[in-house]
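Structure first, then comments.
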Amino acid sequence: MSNPAKEDKAKARLGRAGVWGFWGILTLMLVAGGCQFGASDAHHSLVIAGSTSVQPFAEKLAEIFMHQHPKALINVQGGGSSAGIYAARQGAADLGASSRELVAAEKDLVEIPIAYDGIAVIVHPSNPITDLTLEQLRRVFQGRLQDWGALGLKPHPIHLITREEGSGTREAFEHLVMGQAEITPAALVQDSNGSVRELVAGDPYSLGYISVGLVDGRVKAVAIDGISPTPENIKNRTYELVRRFLLVSRTPPAGLGKAFVEFILSPQGQNILEAEGLVGMK
Amino acid sequence: MGQGKFIERVLFLLALSAISSLVLITVFIFMEGLPLILQTGLKDFILSSHWAPTKGHFGIAAMIVSSLLVTLGALVIGVPLGLACAIVLAEFSHERVKTILKPTLELLAGIPSVVYGFLGVIWLVPLIRNYLGGPGLSLLAASLILGIMILPTVISISIDALTAVPALYREGSIALGATQWQTVRRVVLPAASSGIITAIILGMGRAVGETMAVIMVAGNALQLPTSILDPVRTLTSNIALELGYASGRHREALFATGIVLFVIIMILNFSATVLTRRR
Amino acid sequence: MRLDPRITQSLMKTLLWSLTGFTLLVLIFIIVDISIKGLPQITPMFLFQDPQDMGRAGGIFSTIVATAYITLLAILLASPLGVGTAIYLTEYTREGLATRIIRFGAECLAGVPSIILGLFGFVLFVMKLKLGWSVLSGGLTLAIMVLPIIIRTSEEAIKAVPQEYRQVCYSLGMSQWQTITRIVLPSALPGITTGIMLSVGRSLGETAVLLFTAGAALRAPVSLFDSGRTMAVHFYILAREGLSMPNAYGTAAILMVSILLINLTAYTLMQRLMKRYS
């Protein structure tokens, strides 16, 4: 038979060990953290914030750049085009990334175009549709054409997906497709290219739009007015849904910022972007 | 000034940290959002449902309604389940079962909200899309997920309320020949009612304020929903969706959305506090 | 028609038990689903390698580092404030207007939704104080979030220390502060630790606050002013952008297991403390 007093004592000891163990771990983490913070002064870091469309490409570029320059440290943030531009103006970021053109009030900033990006209209791979006219696309996003039946397919409501207000991709889409018309409030709203793609990949009746660079095998890009969003068609502008990716800064980038921009615009950087599905500036 | 007095002053300053944080939060949210509400007019802001902030339309009526509907849905799911668990644990189970079940159910509170949202997207949304129709991301999906998320709040506060009812009440009722269930329904529940209402109010607060799970499963469409299968956007998801992208008046509009949310939450908190105190 | 009370009783009992059973099933489903798909992903490589290709490949090391820094900072900031508040409330004042206001503040703060805290942290720390999206902004905002938890548990723990302990100290001529630091706080330490553990658990799972204050940079932060992506934020991005389901499940499993372990330990500690002094 176990001795209750002994058991209690053992339990108490275990409890004490737990408490001190926890504090021990906290202290260790503190010391380790302190060391690393202390050692960090030698580094110089560059902060890039903004468009979630540009973010994955900027991360890729930063990854490779930092691999070549082990001393350099580049932090890539999301946030959105407007936030990126705002952050660059405020100095919260060294470079702002934008997937829309600057408006008049922002023209005082330095703008560096880094690539062209098409906007692909995507559907589920099982969807037989291959082509939409620009007019059809506009009517669908206005909410005036709500059923796949009206596009010659088996009747079923279209599950329409758009981006949120303020997104550079949405602004470019509105500018290029919608004109003065507004996107219907019945559309689902997702806050990044990736999440639009996820939804479309999972829903056979959905229709959305994302950056061409992010189209993969799980979704199908449709042709607009008979023209597919291939790199060729984007480069010679026969595919019309195209916008520029910009980096912006308050003053012309210097030091690490300059080196990174030069890297992006170098043949190597441009090739990386093209390999990821964008179209280079040259 | 003696050492004791000095220490007391310092501790008093520390003790002000919570209330001053609350004041700071209130001040900053109002400072950023109030100008827009004043410009747009409170009436237009909360009664119009035309939200196109980059084009100068700031109406959040649809989001207020959606937030309330999602919360109502969460209560419809969460309150019966939560109360059932609380009654079973407090009244119908042995001490041994209780010591195992109670912490187990409280584990629900520790699961991060993004995990709830993720599982909602993976399991619940396709089920709704395939068997009930619509895009799956919907008022219904959000209500179900939130209903589960508020369970820990509802359960633990209800249990406290039920166990606080003196055993004498139960013994009296049983002695009069009532069954255990009759005792629970006629004696224990009424005696614990204010505590249970507090539990429901705090659960509401949790549901109204939840963001990440809702953003993942609610679909975020701007319309007023006409069925439970329609996608909706709540006040919280409106802020989180657009905050990163907003600048200027658009950003002010999101802080203004925050003000409305904050006021709703504070009313709920306040009523919960008053109820608890009366008890 | 009236049913026999005994029949109603067994009907109701069956109903209530099945609802409870259903709730348990949901909980078990969540834990099992995440564990089955997530635990096999957790290898030393997954834990100690940085994410590559935006999280599609590689591990989650940098997010573990960011999580540790931000959580640690939040705890370091919130603990003195929270414990100090608890000492003031229990040892230095009688119930009155001041304590009512302080308690009301803590209760309300506990109810403030994380998105509001995120908004606040974004405008004050990130923008107004120009700290940027950083470990510092995230830690400061999280500290405000966990403050009420620490206050409440510390207060309970200090209150649970028997009054006789204090009287003995006073009779030995110790000052109030000596009594608190030498006797009361050491006795209440397990309870205070509980509160801190719960705060760590809460911080690990938080997303909305950190997305807008600490940002989402994938590099491990090396200074307080670097942005850092915590595990929860990383999981959110992986899952939402569909970058890698295995990595998302792996991250979710680590998050869930560590939070559940922390909470369970905290819970047992608290039970033991309550038993000892009651």
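Keep in mind that the numbers below use all heavy atoms, side chains included, and drop hydrogens, waters and symmetry copies. Every chain is numbered from 1, with letters handed out A, B, ... down the list of sequences.
- More than 12 heavy atoms of other residues, nucleotides or ligands lie within 6.0 Å of OH in C:Tyr267, so this atom counts as buried by the packing criterion.
- In this structure, B:Ser17 contributes its side chain and B:Leu14 its backbone to a donor-acceptor pair below 3.5 Å.
- For C:Leu117, the part sitting under 4.5 Å from any heavy atom of chain B is the side chain, from C-beta outward, and nothing else.
- With chain B as the partner, the residue from C:Phe22, C:Phe104, C:Phe235 showing the most heavy-atom pairs under 4.5 Å is C:Phe235.
- For a residue to count as touching a neighbouring chain, one of its non-hydrogen atoms must lie under 4.5 Å from one of that chain's; by this rule C:Leu147 touches chain B with the side chain only.
- In terms of heavy atoms, B:Pro126 sits closest to B:Gly120 at CD-O, 4.5 Å.
- Ranked by heavy-atom pairs shorter than 4.5 Å toward chain B, the options C:Thr23, C:Leu89, C:Asn263, C:Leu119 are led by C:Leu119.
- Of the two parts of B:Leu108, the backbone and the side chain both hold a non-hydrogen atom closer than 4.5 Å to a non-hydrogen atom of chain C.
- Side-chain contact between C:Asp33 and C:Tyr249: present, with at least one pair of heavy atoms (C-beta onward) separated by less than 4.5 Å.
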### Task
Starting from the C-alpha separation in whole Å, work towards a yes-or-no answer on side chain to side chain donor-acceptor pair (under 3.5 Å) for B:Glu210 and B:Ser113.
CA-CA 8 Å; B:Glu210 177 50 42; B:Ser113 54; 3.3 Å; yes

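- Taking each heavy atom of B:Thr273 and B:Asn269 in turn, the nearest pair found is OG1-O, 2.7 Å.
- Taking each heavy atom of B:Gly33 and B:Ile259 in turn, the nearest pair found is C-CD1, 3.7 Å.
- In this structure, chain B has a heavy atom under 4.5 Å from the side chain of C:Ile259, while its backbone stays farther away.
- Using a 4.5 Å cut-off between heavy atoms, C:Ile30 contacts chain B through both its backbone and its side chain.
- When each of C:Met256, C:Glu206, C:Gln271, C:Arg240 is scored by its heavy-atom pairs under 4.5 Å with chain B, the top score falls to C:Arg240.
- For chain C, the nearby parts of B:Glu8 are the backbone and the side chain; heavy atoms of each come within less than 4.5 Å.
- Residue contact with chain C, scored on non-hydrogen atoms closer than 4.5 Å, involves the side chain of B:Leu119 exclusively.
- Taking both residues in full, the closest heavy atoms of B:Lys102 and B:Leu89 are given as CA-CD1, 4.1 Å, listed atom of the first, atom of the second, then distance.
- B:Ile122 touches chain C through its side chain: at least one heavy atom from C-beta onward sits under 4.5 Å away, while N, CA, C and O do not.
- Neither the backbone nor the side chain of B:Arg206 has a heavy atom closer than 4.5 Å to any heavy atom of chain C.
- Heavy atoms of B:Ile25 lying under 4.5 Å from chain C belong to its backbone as well as its side chain.
- The candidate with the highest count of non-hydrogen atom pairs below 4.5 Å against chain B, out of C:Ile151, C:Ile34, C:Ile31, is C:Ile34.
- For B:Leu101, the part lying near chain C is the side chain, with the backbone staying farther off; criterion is any non-hydrogen pair under 4.5 Å.
- Using a 4.5 Å cut-off between heavy atoms, C:Leu109 contacts chain B through both its backbone and its side chain.
- Both the backbone and the side chain of B:Thr179 have a heavy atom closer than 4.5 Å to some heavy atom of chain C.
- Of the atoms belonging to C:Gln176, not a single heavy atom falls under 4.5 Å from chain B.
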### Query
Between B:Ser173 and B:Thr183, is a side chain to side chain donor-acceptor pair (under 3.5 Å) present by the stated rule, with each step listed?
CA-CA 6 Å; B:Ser173 165; B:Thr183 307; 2.9 Å; yes

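- In this pair, B:Trp181 and B:Phe92 present their aromatic rings tilted. The plane angle is within the 30 to 60° band.
- Residue with the most contacts toward chain B among C:Ile87, C:Leu16, C:Leu15: C:Leu16 (heavy-atom pairs, distance under 4.5 Å).
- Neither the backbone nor the side chain of C:Ile28 comes within less than 4.5 Å of any heavy atom of chain B.
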### Query
What do the steps show when you test B:Glu91 against B:Arg170 for salt bridge (charged side-chain N to carboxylate O under 4.0 Å, His left out), and what is the final call?
CA-CA 10 Å; B:Glu91 307 290 329; B:Arg170 293 183 189 87; 2.8 Å; yes

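- Contact of B:Glu106 with chain C is made through the side chain alone, with heavy-atom distances under 4.5 Å.
- A centroid separation of 6.0 Å or more is found between the aromatic rings of C:Phe212 and C:Trp133.
- Of the listed residues (C:Ile116, C:Leu19, C:Ile102), the one with the most heavy-atom contacts under 4.5 Å to chain B is C:Ile116.
- Contacts with chain C were tallied for B:Gly258, B:Ser21, B:Pro103; B:Pro103 has the most, counting heavy-atom pairs under 4.5 Å.
- Only the side chain of C:Met127 has a heavy atom closer than 4.5 Å to any heavy atom of chain B.
- For B:Leu107, the parts lying under 4.5 angstrom from a heavy atom of chain C are both the backbone and the side chain.
- Contacts between C:Leu204 and chain B at a heavy-atom distance below 4.5 Å are absent for every atom of the residue.
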